[in-house]
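Start at 1 and go down the list; that is how both ligands and their atoms are numbered. One-based numbering along the sequence shown.
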Amino acid sequence: MSLELVNSSHGQAGVKLVCAKDELRSALAGARGAERSIGLVPTMGFLHDGHLSLLRTAREECDVVVMSLFVNPTQFGPGEDFERYPRDEERDLELAASAGADVVYMPSVEEMYPAGFSTQVEVGGLAEVLCGDPARRGPGHFRGVATVVAKLFNAVGPDVAYFGQKDAQQVAVIRRMVRDLDFPVRIEALPIVREADGLAMSSRNAYLGPEDRERAVALSRALRRVEQGARAGSLSEGIEAGRRELAAAGVESEYLEARDADDLTAVDELNGRPVLVAVAARVGKARLIDNVVIDPKAT
Ligand code: AMP
């Protein structure tokens, strides 16, 4: 399917491709006027089953499904992988159509950030730990994420926006932004979709050569160790067991930490509230993240 074909087709198996926000607004005006519900799935493309599960859920729950496809330069730090981030727009459009998207919004960088762009959304506190720690990706990463998501919410006006629990900190940051800035949108976080061996799906898995692909499974194994330890009575011992699991695979983590799932404050032991255990590690050319939420009320 060529981009032109997708561009000119709509309905049935088609998906409408729009690249300008005015065009997007017109494309959605009818639905909005008729009070049909709009679901938004923000993505950076190179779609896999994780993205498709968000799209399929949006399709089941909403009248109109919009997917945004934008590799957002402002959430990449200097020296990160913006330039080489994997891209395949034609395949993405086909997959988005097959998962039920009605509209794909694919703005250019200039459309998203016109000359003179100078406004940022900064979510304090919980954007400054884990990946937002200045020694890691830094708070600039979530400033970029929050700003682009705020712009997407304004451009699309969704009733519901779908995010993956894979990026747990991103979900926490977006929820806080929505609450603090009164965005009239419901945030839905959907479970992590994994490969058969446990590796969390990610567009960045494309960077893994065969040996690194095997080592990468250590992240999900480490998280299982932490959960086992916590459920056996000691979260901190679970964390130690998780660190040993990573070390045994020769994976040096950036962090393996337990945090309150809601406000991301540090947690030493289970305290009756859901705990997020998050890991980030560089494996070969890929920086990978994964997490598990331990809800003491669930078995
Ligand atoms: P990305 O294209 O990586 O920015 O991801 C777009 C959306 O898909 C985000 O909300 C991600 O959290 C979500 N996502 C990415 N990987 C997965 C996965 N393995 N399972 C569930 N959701 C995912």
Side-chain angles (χ1 to χ4, degrees), residues 39-59 61 65-77 80-82 84-89 91-93 95-96 99-101 104-107 112 127 130-132 137 141-153 156 158 160-178 185-208 213 216-217 219-220 223 261 276 278-280 283 286-293:
L40 169 66
V41 179
T43 81
M44 298 205 300
F46 212 68
L47 301 187
H48 50 67
D49 281 349
H51 300 108
L52 300 186
S53 82
L54 304 183
L55 285 167
R56 289 191 189 110
T57 305
R59 179 70 284 158
E61 296 182 354
V65 176
V66 181
M67 182 184 96
S68 59
L69 197 177
F70 181 61
V71 184
N72 177 33
T74 66
Q75 69 190 68
F76 291 78
E80 289 188 358
D81 56 344
F82 174 67
R84 64 187 178 105
Y85 195 82
R87 291 167 167 85
D88 190 342
E89 285 91 359
R91 180 172 169 275
D92 287 347
L93 288 165
L95 287 172
V104 170
Y105 177 44
M106 192 169 76
M112 190 60 90
L130 300 174
C131 289
R137 297 194 80 179
H141 168 63
F142 289 111
R143 195 183 308 126
V145 169
T147 304
V148 81
V149 171
K151 284 175 64 73
L152 290 170
F153 286 174
V156 175
V160 193
Y162 297 85
F163 292 87
Q165 184 61 27
K166 159 90 184 344
D167 296 86
Q169 187 172 13
Q170 172 168 282
V171 172
V173 167
I174 300 297
R175 282 195 197 284
R176 185 60 60 92
M177 175 187 83
V178 162
V185 58
R186 181 163 65 82
I187 302 301
E188 225 179 275
L190 298 184
I192 301 176
V193 177
R194 297 178 179 282
E195 302 286 357
D197 63 3
L199 177 67
M201 289 195 183
S202 165
S203 307
R204 290 188 168 97
N205 292 349
Y207 300 150
L208 297 168
R213 171 65 187 76
V217 189
L219 275 75
S220 57
L223 292 171
L276 169 73
V279 62
V283 181
R287 180 184 184 276
L288 303 177
I289 58 171
D290 197 354
N291 69 84
V292 64
V293 174

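Close N/O approach between Met201 and ligand 1 is found [any backbone or side-chain N/O within under 3.5 Å]. In terms of polar-atom proximity, Val193 is counted as a contact of ligand 1, with an N or O under 3.5 Å from an N or O of the ligand.
Counting protein heavy atoms only, atom 22 (N) of ligand 1 is closest to Gly164 CA, 3.4 Å. Of all protein heavy atoms, the one closest to atom 23 (C) of ligand 1 is Lys166 CB, 3.9 Å. Here the heavy atom of the protein found nearest to atom 16 (N) of ligand 1 is His48 CE1, 3.2 Å. Among protein heavy atoms, atom 12 (O) of ligand 1 sits closest to Asp167 OD1, 2.7 Å. Of all protein heavy atoms, the one closest to atom 5 (O) of ligand 1 is His51 NE2, 3.4 Å.
Using a 4.0 Å cut-off to heavy atoms of Pro42, the atoms of ligand 1 that qualify are 6 (C), 7 (C). Those atoms of ligand 1 that come under 4.0 Å of a heavy atom in Thr43, given as number and element, are 2 (O), 6 (C). Listed by atom number, the atoms of ligand 1 under 4.0 Å from Phe163 heavy atoms are 10 (O).
Asp290 has a carboxylate O that lies under 4.0 Å from a charged side-chain N of Arg194, or vice versa, which qualifies the two as a salt bridge.
Remark: Asp92 CG to Leu69 CG distance equals 5.0 Å, nearest 0.5 Å.
The closest approach between a heavy atom of Leu190 and any atom of ligand 1 is not below 4.0 Å.
When heavy-atom distances to ligand 1 are checked against a 4.0 Å cut-off, Leu54 comes that close only through its side chain, counted from C-beta outward.
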